[in-house]
Student: 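My questions will all concern the structure given below.
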Amino acid sequence: MTKLPFSFYQNDDVNSLAVQLLGKQLFTNVEGQLTGGIIVETEAYKGVIDKASHAYGGRFTNRTQVMYAAGGLAYVYLCYGIHHLFNVVTAPEGTPHAVLIRGLEPVTGIDVMLQRRNMNALKPNLTAGPGALAKALAIDKVLNAKDLQGEEIWIADSGMSVKPENIAAVPRVGVAYAEDHALLPWRYYIKGNKFVSKPNT
DNA sequence: AGGGGGATTTACT
DNA sequence: GTAAATCCCCCTC
């Protein structure tokens, strides 16, 4: 199992990259605990042209500056004051594209993840949903801007390939106002996987 | 310097 | 099904 190389993240086609991330494995090694799993749901954020992106319109702030860096970094931020959301920064330097990781199928350190989530048995909601999986992997803002080829958090290629017919591509929710971008399928997930955050049909 | 909003989750009715 | 929790960031005054 090898970590994805720097070059993988330089693709400026963020939709293509969001698809390629399905089936890859995300790991964290914090507090001496190794945890990780298979990425089963992603969502593409097209930087400057995406109204839902923090970098929409070229906004450049303390928080968003990491999105403008060359791909291969983590972008972690706090939502609703409670939940940490983990994104993969992609595209060459200057292009603030990112991929939100929304669902993970647990593989490594499941007992540790259960503890962090205060759960006793493995259920889909352990890591289904961006806030939930971040908590299970102990991802917080400390990991913001970390190199995804580092020792604390990384993404590896397990060699698993997901067939195109097993990948669902659906429009994002609540973007009906976004003109011709409204119907673009920016949310991707592995069909039938229990760790996808929502049916979202 | 202050206030509104957010890529969500959980619990309760 | 609906509502509350909760804090950091960004825009405006």
Side-chain angles (χ1 to χ4, degrees), chain A residues 9 14-15 17-19 21-22 26 37 39-69 71 73-91 95-106 113-146 148 153 155 168-179 181-190 194-201:
Chain A
Y9 300 102
V14 67
N15 290 307
L17 210 137
V19 169
L21 280 171
L22 294 173
L26 170 67
I39 295 169
V40 299
E41 183 180 1
T42 61
E43 188 163 307
Y45 282 81
K46 280 195 183 179
V48 173
I49 65 165
D50 185 352
K51 287 185 179 177
S53 170
H54 293 160
Y56 174 63
R59 196 165 45 193
F60 186 91
T61 66
N62 262 350
R63 183 173 64 157
T64 62
Q65 61 177 342
V66 65
M67 300 177 75
Y68 290 82
L73 301 182
Y75 172 44
V76 181
Y77 86 101
L78 189 63
C79 189
Y80 292 91
I82 306 172
H83 310 289
H84 292 279
L85 274 61
F86 169 68
N87 303 251
V88 177
V89 175
T90 72
T95 303
H97 291 175
V99 177
L100 172 68
I101 306 302
R102 297 185 53 88
L104 200 75
E105 178 176 330
M113 291 192 257
L114 288 172
Q115 267 182 24
R116 288 174 178 155
R117 298 271 292 131
N118 286 324
M119 294 169 59
N120 292 320
L122 178 57
K123 288 183 289 189
N125 66 350
L126 176 66
T127 52
L133 74 87
K135 187 173 183 186
L137 295 186
I139 293 172
D140 62 19
K141 62 178 185 169
V142 174
L143 294 179
N144 189 41
K146 292 287 186 187
L148 291 176
I153 182 168
I155 298 175
V170 299
R172 295 189 309 181
V173 178
V175 293
Y177 58 88
E179 297 105 34
H181 290 154
L183 296 179
L184 288 178
W186 287 349
R187 188 191 299 262
Y188 305 94
Y189 60 89
I190 298 178
K194 292 184 175 60
F195 296 92
V196 171
S197 64
K198 287 179 186 173
N200 185 34
T201 50

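Below, chains carry the letters A, B, ... as their sequence lines are ordered, and counting in each starts from 1.
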Student: Calculate, to the nearest 0.5 Å, the distance between atoms CZ and OG belonging to A:R59 and A:S53 respectively.
Tutor: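 So the gap between those two atoms works out to 7.5 Å.
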Student: In what stems does DNA chain C take part, counting only runs of at least 3 consecutive Watson-Crick or G-U pairs whose two distances fall under 3.5 Å?
Tutor: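 Counting only runs of 3 or more consecutive pairs, the stems involving DNA chain C are B:1-6 with C:7-12, B:8-12 with C:1-5.
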Student: Please list, pair by pair, any protein nitrogen or oxygen found under 3.5 Å from a nitrogen or oxygen in nucleotides 11-13 of chain C.
Tutor:
residue	atom	partner	partner atom	Å
C:dC11	OP1	A:R59	NH1	3.4

Student: OH of A:Y56 versus C1' of C:dC10: gap in Å, rounded?
Tutor: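 It works out to 16 Å between those atoms.
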Student: Indicate yes or no: does A:E105 engage A:K194 in a salt bridge with an N to O separation below 4.0 Å.
Tutor: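 Result for this pair is no, no salt bridge flagged.
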Student: Tabulate below the donor-acceptor pairs under 3.5 Å that side-chain atoms of residues 125-141 of chain A make, not counting sequence neighbours, or state none.
Tutor:
residue	atom	partner	partner atom	Å
A:T127	OG1	A:L104	O	2.4
A:D140	OD1	A:V142	N	2.9

Student: Any donor-acceptor pair under 3.5 Å linking the side chain of A:S197 with the backbone of A:R102?
Tutor: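 Side chain of A:S197 to backbone of A:R102, a donor-acceptor pair under 3.5 Å: no, none is there.
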Student: Counting only side-chain N and O atoms of A:R63, is one of them less than 4.0 Å from OP1 or OP2 of C:dC8?
Tutor: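 The answer is no; no side-chain N or O of A:R63 sits under 4.0 Å from OP1 or OP2.
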Student: Give me the distances for all protein-to-nucleotides 2-4 of chain C N/O pairs that come in under 3.5 Å?
Tutor:
none

Student: Does the side chain of A:P106 come within less than 4.5 Å of A:L122's, by heavy atoms?
Tutor: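 Yes; the side chains approach each other to less than 4.5 Å.
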Student: Report the distance from atom CG of A:L73 to atom CG of A:N87, rounding to the nearest 0.5 Å.
Tutor: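 The CG atom of A:L73 sits 12.0 Å away from the CG atom of A:N87.
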Student: If you define the side chain from C-beta out and look only at heavy atoms, does anything of A:L148 sit under 4.5 Å from A:I153?
Tutor: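 The answer is yes; the side chains approach within 4.5 Å.
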Student: Mind checking whether A:W186 and A:N15 have side chains closer than 4.5 Å, heavy atoms only?
Tutor: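 Answer yes - side chains close enough.
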Student: I need the A:K46 NZ to A:T95 OG1 distance, nearest 0.5 Å.
Tutor: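 That separation rounds to 12.5 Å.
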Student: Within the 4.5 Å heavy-atom criterion, are A:M113 and A:M119 side-chain neighbours or not?
Tutor: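 The answer is no; the side chains never approach within 4.5 Å.
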Student: Please round to the nearest 0.5 Å and tell me the distance separating atom CZ of A:F86 and atom CG of A:L143.
Tutor: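 Spacing of CZ (A:F86) from CG (A:L143) equals 8.5 Å.
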Student: I need a per-nucleotide contact map over nucleotides 5-13 of chain B, read 5' to 3'. Cutoff is protein heavy atoms under 4.0 Å; write B for the base, S for backbone only, - otherwise.
Tutor: -BBBSS---
Student: Going by heavy atoms in the side chains, are A:H54 and A:Y45 under 4.5 Å from each other?
Tutor: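 Contact flag for A:H54/A:Y45 side chains = no.
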Student: Can you list everything that forms a side chain to side chain contact (heavy atoms under 4.5 Å, CB included) with A:N144? Sequence neighbours excluded, please.
Tutor: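 A:V66, A:Y75, A:V76.
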